[in-house]
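Here is the structure we will look at.
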Amino acid sequence: MLRYVTTNPGKVREALQYLEGPVEQLDYDYTEVQAAELGPIAAHGAREAYRHAGEPVLVDDAGLFVDGFDGFPGPYSSYVEDTLGVEAVHRLAERELDDPRRAAFRCVLAYCDGEGFEASPDPVDRDDRTVAAARGAEQGDEETEAVPVKLFEGAVRGRIVPPRGDEGFGYDPIFEHEGTTFAEMSSEKKNAVSHRGRALAKFGEWFAERTEFP
Ligand SMILES: O=P(O)(O)OP(=O)(O)OP(=O)(O)OC[C@H]1O[C@@H](n2cnc3c(O)ncnc32)[C@H](O)[C@@H]1O
(Lines give C-alpha, C1' and ligand atoms only; values in the text may rest on other atoms or scores of the structure.)
Protein backbone atom coordinates (compact mmCIF):
# COMPACT_ATOMS: atom_id res chain seq x y z
CA MET A 1 0.00 0.00 0.00
CA LEU A 2 1.33 3.42 -1.01
CA ARG A 3 0.50 6.32 1.31
CA TYR A 4 0.08 9.70 -0.33
CA VAL A 5 0.99 12.02 2.52
CA THR A 6 -0.89 15.33 2.68
CA THR A 7 -3.40 17.23 4.75
CA ASN A 8 -4.78 18.88 1.59
CA PRO A 9 -7.87 17.20 0.04
CA GLY A 10 -7.37 19.18 -3.20
CA LYS A 11 -4.04 17.43 -3.78
CA VAL A 12 -5.58 14.02 -3.06
CA ARG A 13 -8.28 14.56 -5.70
CA GLU A 14 -5.62 15.25 -8.32
CA ALA A 15 -3.17 12.55 -7.26
CA LEU A 16 -5.70 9.73 -7.14
CA GLN A 17 -6.43 10.30 -10.83
CA TYR A 18 -2.83 9.43 -11.60
CA LEU A 19 -1.72 6.79 -9.15
CA GLU A 20 -2.58 3.20 -9.97
CA GLY A 21 -2.79 0.30 -7.54
CA PRO A 22 -3.54 0.51 -3.84
CA VAL A 23 -3.06 4.12 -2.68
CA GLU A 24 -4.54 5.87 0.32
CA GLN A 25 -4.20 9.32 1.75
CA LEU A 26 -2.18 9.59 4.95
CA ASP A 27 -3.37 12.76 6.65
CA TYR A 28 -0.06 13.41 8.43
CA ASP A 29 1.39 16.85 9.10
CA TYR A 30 5.16 16.30 8.78
CA THR A 31 7.66 18.93 9.93
CA GLU A 32 8.37 21.46 7.17
CA VAL A 33 12.06 22.32 7.55
CA GLN A 34 13.08 25.82 6.42
CA ALA A 35 14.73 25.75 3.01
CA ALA A 36 14.86 27.92 -0.09
CA GLU A 37 13.83 24.98 -2.31
CA LEU A 38 11.06 22.41 -2.18
CA GLY A 39 13.35 19.35 -2.54
CA PRO A 40 14.86 19.35 0.95
CA ILE A 41 11.46 20.01 2.53
CA ALA A 42 9.82 17.12 0.68
CA ALA A 43 12.76 14.75 1.34
CA HIS A 44 12.77 15.49 5.03
CA GLY A 45 8.99 15.06 5.13
CA ALA A 46 9.17 11.71 3.34
CA ARG A 47 11.70 10.30 5.80
CA GLU A 48 9.65 11.49 8.75
CA ALA A 49 6.38 10.18 7.27
CA TYR A 50 8.01 6.82 6.48
CA ARG A 51 9.22 6.55 10.07
CA HIS A 52 5.69 7.32 11.22
CA ALA A 53 3.81 5.03 8.78
CA GLY A 54 6.25 2.12 8.34
CA GLU A 55 4.94 1.81 4.75
CA PRO A 56 5.98 3.33 1.42
CA VAL A 57 5.12 7.03 1.39
CA LEU A 58 4.85 9.76 -1.21
CA VAL A 59 5.08 13.34 0.06
CA ASP A 60 3.96 16.25 -2.15
CA ASP A 61 5.42 19.70 -1.54
CA ALA A 62 4.36 22.49 -3.87
CA GLY A 63 4.40 26.25 -4.17
CA LEU A 64 3.88 29.31 -6.34
CA PHE A 65 7.08 31.08 -7.45
CA VAL A 66 6.59 34.65 -8.74
CA ASP A 67 9.49 35.68 -11.02
CA GLY A 68 9.35 39.40 -10.13
CA PHE A 69 9.52 38.56 -6.41
CA ASP A 70 12.58 36.30 -6.84
CA GLY A 71 10.42 33.24 -6.37
CA PHE A 72 8.39 34.44 -3.36
CA PRO A 73 6.21 32.96 -1.86
CA GLY A 74 7.83 29.67 -3.07
CA PRO A 75 8.41 27.34 -0.12
CA TYR A 76 6.43 29.76 2.07
CA SER A 77 3.29 29.51 -0.08
CA SER A 78 1.26 27.74 2.56
CA TYR A 79 2.14 30.29 5.27
CA VAL A 80 1.41 33.20 2.91
CA GLU A 81 -1.96 31.71 1.89
CA ASP A 82 -2.90 31.35 5.57
CA THR A 83 -1.73 34.85 6.54
CA LEU A 84 -2.05 37.28 3.58
CA GLY A 85 -4.38 35.17 1.46
CA VAL A 86 -4.29 34.40 -2.24
CA GLU A 87 -5.99 37.61 -3.41
CA ALA A 88 -3.44 39.73 -1.55
CA VAL A 89 -0.67 37.99 -3.49
CA HIS A 90 -2.40 39.04 -6.69
CA ARG A 91 -2.87 42.63 -5.45
CA LEU A 92 0.77 42.83 -4.41
CA ALA A 93 1.91 41.55 -7.80
CA GLU A 94 -0.38 44.01 -9.60
CA ARG A 95 0.92 46.92 -7.55
CA GLU A 96 4.60 46.07 -7.68
CA LEU A 97 5.14 44.31 -11.01
CA ASP A 98 4.57 45.15 -14.65
CA ASP A 99 2.38 42.90 -16.74
CA PRO A 100 2.91 40.03 -17.64
CA ARG A 101 3.42 38.95 -14.05
CA ARG A 102 5.23 35.73 -14.77
CA ALA A 103 5.20 32.89 -12.28
CA ALA A 104 5.60 29.13 -12.01
CA PHE A 105 3.95 26.45 -9.95
CA ARG A 106 6.40 23.81 -8.78
CA CYS A 107 5.77 20.42 -7.19
CA VAL A 108 8.27 17.98 -5.74
CA LEU A 109 7.16 14.45 -4.91
CA ALA A 110 9.39 12.56 -2.48
CA TYR A 111 9.13 8.75 -2.31
CA CYS A 112 10.56 6.73 0.56
CA ASP A 113 10.19 3.05 1.39
CA GLY A 114 13.31 2.60 3.49
CA GLU A 115 15.19 0.79 0.70
CA GLY A 116 18.00 1.83 -1.59
CA PHE A 117 17.72 2.99 -5.19
CA GLU A 118 20.21 2.70 -7.99
CA ALA A 119 21.79 6.02 -8.82
CA SER A 120 20.68 7.46 -12.12
CA PRO A 121 23.26 6.88 -14.90
CA ASP A 122 22.65 10.42 -16.14
CA PRO A 123 24.79 12.85 -14.11
CA VAL A 124 22.60 15.79 -15.10
CA ASP A 125 19.43 14.11 -13.87
CA ARG A 126 17.79 16.92 -11.95
CA ASP A 127 16.03 14.56 -9.56
CA ASP A 128 19.31 13.15 -8.31
CA ARG A 129 20.92 16.56 -8.00
CA THR A 130 18.00 17.60 -5.86
CA VAL A 131 18.37 14.47 -3.75
CA ALA A 132 22.01 15.36 -3.12
CA ALA A 133 21.00 18.90 -2.15
CA ALA A 134 18.32 17.51 0.10
CA ARG A 135 20.79 15.31 1.92
CA GLY A 136 23.17 18.22 2.43
CA ALA A 137 20.48 20.54 3.71
CA GLU A 138 19.05 18.29 6.35
CA GLN A 139 19.76 18.63 9.99
CA GLY A 140 18.37 15.29 11.23
CA ASP A 141 20.35 12.53 12.89
CA GLU A 142 22.71 10.48 10.72
CA GLU A 143 20.59 7.35 10.71
CA THR A 144 17.54 9.25 9.44
CA GLU A 145 19.54 11.04 6.75
CA ALA A 146 20.87 7.73 5.43
CA VAL A 147 17.36 6.58 4.41
CA PRO A 148 17.19 7.15 0.65
CA VAL A 149 14.51 9.28 -0.92
CA LYS A 150 13.71 9.60 -4.61
CA LEU A 151 12.47 12.98 -5.88
CA PHE A 152 10.29 13.79 -8.91
CA GLU A 153 9.77 17.38 -9.94
CA GLY A 154 7.16 19.06 -12.12
CA ALA A 155 6.73 22.72 -13.05
CA VAL A 156 4.38 24.80 -15.15
CA ARG A 157 4.70 28.43 -16.18
CA GLY A 158 1.93 31.00 -16.22
CA ARG A 159 1.06 34.47 -14.98
CA ILE A 160 -0.60 36.06 -11.98
CA VAL A 161 -4.04 37.47 -12.84
CA PRO A 162 -7.13 38.72 -10.94
CA PRO A 163 -8.95 35.70 -9.43
CA ARG A 164 -11.23 33.71 -11.79
CA GLY A 165 -12.93 30.34 -11.41
CA ASP A 166 -14.27 28.09 -8.64
CA GLU A 167 -12.46 24.80 -9.23
CA GLY A 168 -9.22 23.63 -7.68
CA PHE A 169 -7.74 25.07 -4.50
CA GLY A 170 -5.09 27.40 -3.09
CA TYR A 171 -3.57 29.75 -5.66
CA ASP A 172 -5.46 28.23 -8.63
CA PRO A 173 -7.79 31.26 -9.17
CA ILE A 174 -4.87 33.70 -9.67
CA PHE A 175 -2.68 31.46 -11.87
CA GLU A 176 -3.38 31.66 -15.58
CA HIS A 177 -1.92 29.15 -18.02
CA GLU A 178 -2.48 29.73 -21.76
CA GLY A 179 -5.49 31.99 -21.17
CA THR A 180 -7.26 29.87 -18.53
CA THR A 181 -6.80 29.96 -14.77
CA PHE A 182 -6.28 26.64 -13.01
CA ALA A 183 -9.51 27.34 -11.10
CA GLU A 184 -11.37 27.43 -14.45
CA MET A 185 -10.16 23.91 -15.31
CA SER A 186 -11.53 20.52 -14.25
CA SER A 187 -8.98 18.51 -12.26
CA GLU A 188 -8.43 16.29 -15.35
CA LYS A 189 -7.58 19.32 -17.44
CA LYS A 190 -5.37 20.81 -14.74
CA ASN A 191 -3.56 17.48 -14.27
CA ALA A 192 -2.78 17.32 -17.99
CA VAL A 193 -0.63 20.49 -17.79
CA SER A 194 0.10 21.10 -14.11
CA HIS A 195 3.23 20.87 -11.98
CA ARG A 196 1.62 18.07 -9.95
CA GLY A 197 0.42 16.18 -13.05
CA ARG A 198 3.93 16.30 -14.51
CA ALA A 199 5.59 15.14 -11.30
CA LEU A 200 2.99 12.38 -10.86
CA ALA A 201 3.53 11.16 -14.42
CA LYS A 202 7.30 10.85 -13.79
CA PHE A 203 6.72 9.10 -10.49
CA GLY A 204 4.09 6.76 -11.97
CA GLU A 205 6.43 5.59 -14.70
CA TRP A 206 9.28 4.92 -12.27
CA PHE A 207 7.05 3.28 -9.67
CA ALA A 208 5.38 0.94 -12.19
CA GLU A 209 8.79 -0.36 -13.30
CA ARG A 210 9.94 -0.74 -9.75
CA THR A 211 6.88 -2.68 -8.61
CA GLU A 212 6.47 -4.84 -11.74
CA PHE A 213 10.09 -6.04 -11.84
CA PRO A 214 11.35 -6.15 -8.28
O1 LIG B 1 1.73 20.07 3.24
P2 LIG B 1 0.41 19.42 2.90
O3 LIG B 1 -0.25 18.73 4.04
O4 LIG B 1 0.50 18.53 1.68
O5 LIG B 1 -0.64 20.59 2.47
P6 LIG B 1 -0.33 22.09 2.04
O7 LIG B 1 -1.56 22.63 1.38
O8 LIG B 1 0.27 22.88 3.16
O9 LIG B 1 0.75 21.82 0.93
P10 LIG B 1 2.03 22.61 0.44
O11 LIG B 1 2.86 23.05 1.58
O12 LIG B 1 2.67 21.78 -0.61
O13 LIG B 1 1.34 23.82 -0.31
C14 LIG B 1 1.87 25.08 -0.34
C15 LIG B 1 0.82 26.07 -0.71
O16 LIG B 1 0.65 26.06 -2.11
C17 LIG B 1 -0.69 25.82 -2.43
N18 LIG B 1 -0.73 24.88 -3.53
C19 LIG B 1 -0.07 23.70 -3.63
N20 LIG B 1 -0.37 23.09 -4.78
C21 LIG B 1 -1.24 23.90 -5.42
C22 LIG B 1 -1.95 23.81 -6.63
O23 LIG B 1 -1.84 22.75 -7.41
N24 LIG B 1 -2.77 24.80 -6.95
C25 LIG B 1 -2.91 25.88 -6.18
N26 LIG B 1 -2.30 26.04 -5.01
C27 LIG B 1 -1.48 25.05 -4.63
C28 LIG B 1 -1.37 25.24 -1.19
O29 LIG B 1 -2.72 25.63 -1.13
C30 LIG B 1 -0.56 25.87 -0.09
O31 LIG B 1 -1.04 27.15 0.24
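Whatever order the structure lists them in is the order used to number ligands and atoms, beginning at 1.
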Quiz prompt | Set of side-chain contact (heavy atoms from CB on, under 4.5 Å) partners for Ala199, sequence neighbours left out | solution = Cys107, Leu109
Quiz item: Under the side-chain contact (heavy atoms from CB on, under 4.5 Å) test, which residues partner Glu24, sequence neighbours left out?
Solution: Met1, Arg3
Quiz item: Listed by chain and number, what are the side-chain contact (heavy atoms from CB on, under 4.5 Å) partners of Phe69, not counting sequence neighbours?
Solution: Val66, Phe72, Leu92, Ala93, Glu96, Leu97
Quiz prompt | Parallel, tilted or perpendicular, as decided by the 30° and 60° cut-offs, for the rings of His195 and Phe105 | solution = parallel
Quiz item: How would you list, by chain and number, the residues with a heavy atom under 4.0 angstrom from ligand 1?
Solution: Thr6, Thr7, Asn8, Lys11, Tyr30, Glu32, Asp60, Asp61, Ala62, Ser77, Ser78, Glu81, Phe105, Phe169, Gly170, Tyr171, Asp172, Lys190, His195, Arg196
Quiz item: Would you say Asp172's side chain and Phe169's backbone share a donor-acceptor pair under 3.5 angstrom?
Solution: yes
Self-check item: Step-by-step salt bridge (Lys or Arg N to Asp or Glu O under 4.0 Å) determination, Glu153 to Arg198
Solution: CA-CA 7 Å; Glu153 192 174 336; Arg198 287 172 183 173; over 6 Å; no
